[in-house]
2 protein chains.
Amino acid sequence: MVTLAEVAQHAGVSASTVSYVLSGKRSISVSTRQRVERSIHELGYHPNAGARALASNRSNIIALMVPLRTDMYVPVMMEIAIAVATSARTHGYDVLLLTGEEGADAVRRVTGSGLADAMIMMDVELDDERLPLLRGTDQPSVLIGLPADTEGLTCVDLDFGATGALCVEHLAMLGHRDIAVIGEAPAVYERHTGFAERTLDGLRSRSRELGLRVLHRPCEGGYDAMSLTLSRIFDERPATTGFVVQNESAVEPLLALLRQQGRAVPEDVSVVAICPEQVATQASVRLTSVAIPAQEMGRTAVERLVAKLGGQGEDDVVLIAPELTVRASTGPAPAAP
Amino acid sequence: MVTLAEVAQHAGVSASTVSYVLSGKRSISVSTRQRVERSIHELGYHPNAGARALASNRSNIIALMVPLRTDMYVPVMMEIAIAVATSARTHGYDVLLLTGEEGADAVRRVTGSGLADAMIMMDVELDDERLPLLRGTDQPSVLIGLPADTEGLTCVDLDFGATGALCVEHLAMLGHRDIAVIGEAPAVYERHTGFAERTLDGLRSRSRELGLRVLHRPCEGGYDAMSLTLSRIFDERPATTGFVVQNESAVEPLLALLRQQGRAVPEDVSVVAICPEQVATQASVRLTSVAIPAQEMGRTAVERLVAKLGGQGEDDVVLIAPELTVRASTGPAPAAP
DNA sequence: ATAGGTTGTCGAAGCGCTTCGACTCGACTG
DNA sequence: CAGTCGAGTCGAAGCGCTTCGACAACCTAT
């Protein structure tokens, strides 16, 4: 293993000079710099991470806590994780992958040991047990998701309130008056991750302004659950012509069931989904949808964190504006019979 | 930040004694151990990761390289990644998340800097550019996936050859004679990740032994591609009654199209899928399938790696035996008309 | 009683890097 | 021309930990 000292000797300078070439914290003459850089290259030198962390008190590692529940929003999570890893690298950081399993202990361990310089937490619950720890430490952190109390925290999330509003605006504009919302599984509401409630709040208050009738039903994914939910919806509100779907795994069942009942999309009923682009474009009907901007969320979180590490960022909440893409699943409401 | 020395002082012993309490590498009297442990607890001490890595030359970190392509097998990848992170923790390791983006450079960087003690590589291609590096370093590594030449490498993967064979055996046993294989997207075959070819090889050779006719067609997922592929299959082999599907995103389209054509599953045609459990159980027909054992793969990879780090493991290939679960999508072949 | 082991503890020497103060040398100022 | 300044470089002091050799203190076997 090549060390700084060997590079220094090879280049005929002192170790500290090599260090300054690497960090750029003091000026170095062009000739020296080039000589050192050539030695580094020739010897294939890589600074030892441990030594560097010890001496500088910074590890250049960002910890990323992902939820353990692998049964939900998995593609979105993965996309965020990869976006975090990729952007972190462009800022000179590596990413340590923590699962939610350890919970608050993981936070203590990582901050206590100096393993990571900062932390990104995904899938934050409204009243998360890890939040007091984050507030109590001087280690920078960014949440992806929105807890109940954001005081002293930096959060990044899609503006789910605006997302809900946007969906019903689109349907209202097309003349739909009776809207059904296929929500996430009841478990999601019970866990209070918040985003589902926020969507609903935004959607309801905009509907009220627009004079729409809204029926909300949580729904586990899959055909059986969807079938039951759908028949109940039409029992209760036969005039329903617009659907907003937030549960990815209910999308395809919904489309299949509507087809089966002889209701054409978008001629008879319109469907707006809140889901990743990929789901929207690969469904059996190309879906009008509000995308979940996973990449942007990951990238933004890293940028915020790096700013804080540089002493510049301040605590605040970044809500990403939703964008609705019109595809083939929405159209004008049918004329009343 | 609490240091070893502070713990030592608090407990009234020397620093080295505290270190030996922590590592257990020398015997310590019960009374001293208890005193030290109490001090550690009271002060909330966590060993500094950088200092430890520097002094011991081991970081207790495992690097995990995931593919950058976020468009494929994503849920499986995520499940593996989480299984790796979780198992690694039970062995005292943390996981560093690397994306494929940096390619071979990432391998050099991580091994060169001592950032990680070992490495797990997912989505290995048949002739991967990173393999020479892995062979050339003394850093232990495990691949998830199977390259062309496994000499000097440790690999973990599902036995895709046996998987293909198992699928056709099941169909043959039910009396099906004409089998169509809906393969992965052409891009997968072109990238030579290997698993798709191995499935096909195993499937073909077993079919030959069983006297089955096999028609293989690669297929991008989605409805349009599937529709085209399906009509070509029935044009060429009208007697087809058995399907093996390896492309997750073709599963639902296939079922929908068959339904639409009036072919009942499993009365008229049988479908076997190679996919994660979740896809099999959530599809519109509960699918007879061979599961991709993501958790087991991740766990096994970590166990292998930890064994190698302990100087015990040897290089070899671990092929996980496939298991076929019979559900509602396969049944006896219809009597010939 | 004495040589030889064990057991438990300590001190000190690093691990490879960053960073501070100090030093040299040439260029500029008044 | 002396004094001042900035640019460029070096030496040395740690960062917090592990680990080796040393050394008491005690036990066992002769």
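Chain identifiers are assigned alphabetically (A, B, ...) following the order of the sequence lines, protein sequences preceding nucleic acid strands; residue numbering begins at 1 within each chain. In this text the structure is predicted, and so the values were computed from the model without any measurement.
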State whether Lys25(B) places a side-chain N or O below 4.0 Å from either non-bridging phosphate oxygen (OP1 or OP2) of dT18(D). no
What is the distance from CZ of Arg33(B) to P of dG8(C), rounded to the nearest Å? 9 Å
What is the distance, to the nearest angstrom, from the CD atom on Glu6(A) to the P atom on dC15(C)? 11 Å
Nearest-angstrom distance from the residue atom CG of Leu4(A) to P of dG14(C): 19 Å
Answer yes when Glu102(B) and Arg89(A) have at least one side-chain N-carboxylate O distance shorter than 4.0 Å, and no when they do not. yes
Taking for each residue the nucleotide of DNA chain D with the nearest heavy atom, is it Ser16(B) or Leu54(B) whose nucleotide lies nearer the 5' end? Leu54(B)
Between CG of Leu115(B) and P of dC15(C) the distance, given in whole Å, is 20 Å
Can you measure Asn60(B) atom CG to dT18(D) atom C1' for me and round it to whole angstrom units? 13 Å
With a 4.0 Å cut-off on heavy atoms, is Thr3(B) in touch with a base, just the backbone sugar-phosphate, or nothing at all? sugar-phosphate
Give Ser29(B) one of three labels, base, sugar-phosphate or nothing, depending on what nucleic acid heavy atoms sit under 4.0 Å from its own. sugar-phosphate
Over all heavy atoms of both residues, which pair between Pro140(B) and Leu309(B) is shortest? Give the atoms and the distance, please. CG-CD2, 3.8 Å
With respect to the phosphate group of dT18(D), does any side-chain polar atom (N or O) of Arg52(B) fall under 4.0 Å of OP1 or OP2? yes
Residue pair Val95(A) / Ile120(A), side-chain heavy-atom distance below 4.5 Å: no
Counting only side-chain N and O atoms of Ser27(B), is one of them less than 4.0 Å from OP1 or OP2 of dT7(C)? no
Measure the distance from CZ on Arg58(A) to C1' on dC17(C) and round it to the nearest whole Å. 14 Å
Kindly say if Ser14(A) contacts the phosphate of dC10(D), meaning a side-chain N or O under 4.0 Å from OP1 or OP2. yes
Give a yes/no answer on whether the side chain of Thr17(A) brings an N or O atom under 4.0 Å of OP1 or OP2 in dC10(D). yes
From CE of Met1(B) over to P of dG14(D), roughly how many Å is that when rounded to an integer? 19 Å
Under 3.5 Å, is there a donor on one side chain and an acceptor on the other for Thr32(B) and Ser29(B)? yes
Between Asn48(B) and Arg26(B), just flag the one whose closest nucleotide in DNA chain D comes earlier from the 5' side. Asn48(B)
Find out whether Asp316(A) and Thr150(A) are in side-chain contact, i.e. whether some heavy atom of one side chain is under 4.5 Å from a heavy atom of the other. no
Regarding Ile28(B), tell me which of base, sugar-phosphate or nothing describes its non-hydrogen contacts under 4.0 Å with the strands shown. sugar-phosphate
Donor/acceptor link under 3.5 angstrom from Tyr20(B) side chain onto base of dC20(D): yes
Is there a side-chain polar atom (N or O) of Thr32(A) under 4.0 Å from OP1 or OP2 of dT9(D)? yes
Of Ala51(B) and Val30(B), the one whose nearest nucleotide on DNA chain C sits closer to the 5' end is Val30(B)
